[in-house]
Amino acid sequence: MSAMVQSGSDNGPVAGKRQVLASLLCRTRLIAGLSMLRSMLKRDLRILAYHRVLSIAEPDAFAFDLELISASEARFRKQMTLLRERYNPIRFGDVIRALESGTALPPRPVIVTFDDGYDDNYRVAFPILRELGVPATFFVSTGHVQSGLPYAYDWFVHVICRSAPGQLRIAALGVDCALPATIAQRRELAMDLLDRLKSLDAQAQQAVIATLEQEADLPRTRGHADCKPMNWDQLREMQAAGMEIGSHGVWHRMLAKLPPSEMHQEVHQSKQMLDGELALPVTTISYPVGGLDAYNEAVIESAKAAGYTLGCSYICGTNSLPFSAAFQLRRLPVERHMDEAWFEAMLALPEAFTYPSRHRAD
Ligand SMILES: [Zn+2]
């Protein structure tokens with residue numbers, strides 16, 4: 001779940017202008033020249049960040065976090081085709097080998113990543129990646145892989161979408177309001193509350209979600225087909241086909257908001273579990289939520305001690321080569337509102353076309 005997603009469906013005026021400009025640059029083929037100029041001036045690694053790849057027939061009726069859907073199946077195929085044609089898709093393993101041997105990465109390197117581990121990654125994205133020969137890294141939360149339980153933030157959205165009509169009271173967030181009538185309105189309210197929820201410490205977040213589930217009689221243990229994590233067999237199959245698996249903690253908790261002992265547990269146990277279940281040792285962690293309030297120096301030190309080599313944030317940007325911050329790698333989020341031109345322009349000129357975000361560090 002991301003720190004960068006925008007709530008609601010409105011792109012806003014800034015995004016609107018970027019989309020128009022992206023479309024103009026692509027139509028006139030100016031983008032190719034600008035991109036070549038940039039690659040002469042700057043050598044960097046682009047890391048794309050996806051969550052879910054899914055085609056939804058009726059978005060308004062979808063009772064989960066719609067903003068986690070990064071692309072439809074058709075759009076994802078086009079995006080991966082563009083990567084294959086214009087860039088060099090690589091793995092974190094290639095980066096680590098290059099770092100260790102002092103060799104250079106191929107020109108225009110890109111890494112495709114997925115956070116959380118939703119089962120559409122296996123069902124929808126993986127067949128396309130395999131067919132097109134694009135490797136990707138899937139950051140999974142091991143507690144969810146093991147238990148099959150839905151993700152807490154997404155369940156929070158679901159409970160607000162599906163509660164019986166009436167008053168919504170969440171004392172810790174200062175909420176006491178009537179629940180809106182439609183799922184779309186409720187989801188919008190939930191997205192706003194989710195931002196506020198993420199400002200609490202991790203235990204308080206957990207308590208709010210647990211109370212809400214109980215009051216609505218919608219326990220997470222009930223599960224839901226639209227909010228399912230991948231399982232170990234699926235991860236093994238993807239790894240055997242050349243995909244990489246990384247850690248996204250055990251229970252997708254904001255690591256910097258946990259007491260130190262629980263933070264260490266999330267970082268270390270997830271690696272131990274992945275190393276035990278998969279054929280290759282896990283090298284890379286993606287900090288859940290990933291914004292500036294989700295990881296800190298203590299989290300980075302814990303990741304180094306656990307044996308990770310690289311760490312991904314969810315802060316927008318590319319990574320200059322050679323790396324100065326191997327445990328604070330920046331990514332380029334792919335969002336469902338991005339059309340083809342915008343995606344192409346974002347890859348070519350990331351500084352100008354990254355998705356507008358409340359959590360941009362620059
Ligand atoms: Zn996440």
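When a ligand or atom number is given, it counts from 1 through the structure's own listing order.
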Assess H51: does it contribute an N, O or S atom lying under 2.8 Å from the Zn ion (ligand 1)?
no

Decide, counting backbone as well as side-chain atoms, whether D115 has an N, O or S atom less than 2.8 Å from the Zn ion (ligand 1).
no

Identity of the N, O or S atom of D116 lying closest to the Zn ion (ligand 1)
OD1

Are the ring centres of F327 and Y308 closer than 6.0 Å?
no

Other cluster members, L99 - Ile/Leu/Val/Met/Phe/Trp/Tyr, side-chain contacts below 4.5 Å
L45, I47, I90, F92, V95, I96, L105, I111, F139, L310, L321, F323, L329

Report, one line per pair, each donor and acceptor closer than 3.5 Å where one atom sits in a side chain of residues 165-179; sequence neighbours left out.
residue: Q167; atom: NE2; partner: D176; partner atom: OD1; Å: 2.9

Is it true that K78 and E340 make a salt bridge, defined as a side-chain N closer than 4.0 Å to a carboxylate O?
yes

